[in-house]
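The structure appears below as structure tokens.
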Number of protein chains: 2
Amino acid sequence: MVMTASFRTNTVDAPGVLPHPLPEPSRDDIALEAIFGALSQPLRLTIIQKLLLESEQYDHACGWFGFSRPKSSLTHHFKALREAGLIRQRQYGLERRSRVRIEDLDARFPGLLDLLVARSAQP
Amino acid sequence: MVMTASFRTNTVDAPGVLPHPLPEPSRDDIALEAIFGALSQPLRLTIIQKLLLESEQYDHACGWFGFSRPKSSLTHHFKALREAGLIRQRQYGLERRSRVRIEDLDARFPGLLDLLVARSAQP
DNA sequence: CCAGAAGTACGAAGAAACTCGAACATATCG
DNA sequence: CGATATGTTCGAGTTTCTTCGTACTTCTGG
């Protein structure tokens with residue numbers, strides 16, 4: 001995964017109230033190949049699924065997920081998800097909380113998120 | 001992409017008439033991570049899109065696509081798509097023809113193929 | 001101010017993917 | 001049979017991931 005697209009610091013949700021999002025690709029720069037590349041990593045797919053299925057209305061810091069991996073590994077994977085355009089990250093004091101960019105992804109690739117949370121048919 | 005799942009030589013379409021498919025994962029062994037990994041390569045995503053949008057009813061040999069890459073590279077990418085469960089390949093005399101496993105993919109991951117052929121919104 | 005907590009940055013080592021040439025296999029056609 | 005066409009296999013070189021330790025930064029709470 002290489003970061004080539006242009007990045008911006010967007011301010012969608014109530015500027016002044018929420019911390020600014022970390023640099024991320026704009027909606028139109030989200031590429032399907034990058035999405036697929038990011039989601040081909042099992043841990044990263046799990047992160048997105050967990051956010052979609054178990055998060056309640058709020059963003060979650062990476063400690064919330066309960067992964068037993070070194071912190072630097074988690075940084076790496078969350079950054080990969082952010083740079084692919086899958087999550088938005090905001091700094092709240094010490095912790096950095098993530099949420100799925102649901103609106104952007106639904107607008108750009110309708111059906112993608114449904115695909116990720118659908119229980120795969122196991123006959 | 002590593003090949004770990006069990007493989008079988010399935011015989012879905014009129015055995016005796018069509019050549020046997022090359023070894024491929026069974027429908028239930030198709031994994032989302034593997035799909036995503038395969039489609040994160042731009043050329044491979046193009047192959048699937050071209051098959052879905054431009055193929056008329058038949059399988060296509062890799063010469064049909066008109067890629068200007070060494071033959072060994074094409075072999076590599078078609079094999080990756082087959083091992084991920086995205087395409088089925090059959091040997092017709094000299095040439096090896098590929099088609100998307102539409103039924104299997106629709107059954108296992110509804111919406112996936114629609115996602116691949118949807119024209120991404122470019123405002 | 002200091003200690004602890006959350007996370008980053010850097011870098012290195014190993015694994016995996018990508019690209020491609022060269023040699024080989026096999027089917028078809030004249 | 002020999003030439004050609006399609007595609008494979010093998011191997012090497014290069015690049016990209018992945019993992020993780022270490023050191024560093026920054027915020028928060030006493």
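Note that the structure is a prediction, hence the values are computed from the model and not measured. Numbered from 1 within each chain, the chains take letters A, B, ... in sequence-line order.
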[N], OP1 or OP2 - any side-chain N/O from [X] closer than 4.0 Å?
{"X": "A:Q41", "N": "D:dT19", "answer": "yes"}
{"X": "A:R69", "N": "D:dT18", "answer": "no"}
{"X": "B:H77", "N": "C:dT19", "answer": "yes"}

Protein-to-nucleotide contact annotation, 5' to 3' order, nucleotides 24-30 of chain D [B base; S sugar-phosphate only; - none; under 4.0 Å, heavy atom]:
--BBS--
Could you state the interatomic distance from CG (B:L53) to CD1 (B:I48), rounded to the nearest 0.5 Å?
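Between B:L53 CG and B:I48 CD1, I get 11.0 Å after rounding to 0.5 Å.
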Separation between CZ of A:F67 and CG of A:L43, rounded to the nearest 0.5 Å
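Interatomic distance, A:F67 CZ to A:L43 CG, rounded to 0.5 Å: 4.5 Å.
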Between B:F65 and B:F78, does the ring centre distance come in under 6.0 Å?
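When the ring centroids of B:F65 and B:F78 are compared, they turn out to be within the sub-6.0 Å range.
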Rounding to an integer number of Å, can you tell me how far [X] [atom1] sits from [N] [atom2]?
{"X": "A:R44", "N": "D:dT19", "atom1": "CZ", "atom2": "C1'", "value": "12 Å"}
{"X": "A:E83", "N": "C:dT8", "atom1": "CD", "atom2": "C1'", "value": "13 Å"}
{"X": "B:K79", "N": "C:dT19", "atom1": "NZ", "atom2": "P", "value": "16 Å"}
{"X": "B:L74", "N": "C:dG21", "atom1": "CG", "atom2": "P", "value": "12 Å"}
{"X": "B:F67", "N": "C:dC20", "atom1": "CZ", "atom2": "P", "value": "14 Å"}
{"X": "B:F36", "N": "C:dA16", "atom1": "CZ", "atom2": "C1'", "value": "20 Å"}
{"X": "B:E95", "N": "C:dA27", "atom1": "CD", "atom2": "P", "value": "13 Å"}

Any side-chain heavy-atom pair of B:L116 and A:F36 under 4.5 Å
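B:L116 reaches A:F36 side chain to side chain.
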Would you indicate whether the side-chain heavy atoms of B:I47 and B:L86 approach each other to under 4.5 Å?
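They are not in contact (no side-chain heavy atoms under 4.5 Å apart), so the answer is no.
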B:C62 side chain, from C-beta outward: closest of D:dG7, D:dG21, C:dC20
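Shortest atom-to-atom distance from the side chain points to D:dG7.
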Among D:dG7, C:dG7, D:dT19, the one nearest B:R96 by side-chain distance
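Closest of the options to the side chain of B:R96: D:dG7.
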Taking donor-acceptor contacts at under 3.5 Å, does the side chain of A:S72 reach the base of D:dG21?
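For A:S72, whose side chain was compared with the base of D:dG21, there is a donor-acceptor pair (under 3.5 Å).
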Toward the 5' end of DNA chain C, which comes first, B:H76 or A:Q91, by nearest nucleotide?
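The residue closer to the strand's 5' end, by nearest nucleotide, is A:Q91.
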Partner of B:D59 by salt bridge (Lys or Arg N to Asp or Glu O under 4.0 Å), out of B:R99, B:R88, B:R97:
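Testing each of B:R99, B:R88, B:R97 against B:D59, the sole residue satisfying salt bridge (Lys or Arg N to Asp or Glu O under 4.0 Å) is B:R99.
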Are a donor atom and an acceptor atom from the side chains of B:Q89 and B:R96 found within less than 3.5 Å of each other?
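No donor-acceptor contact under 3.5 Å links the two side chains.
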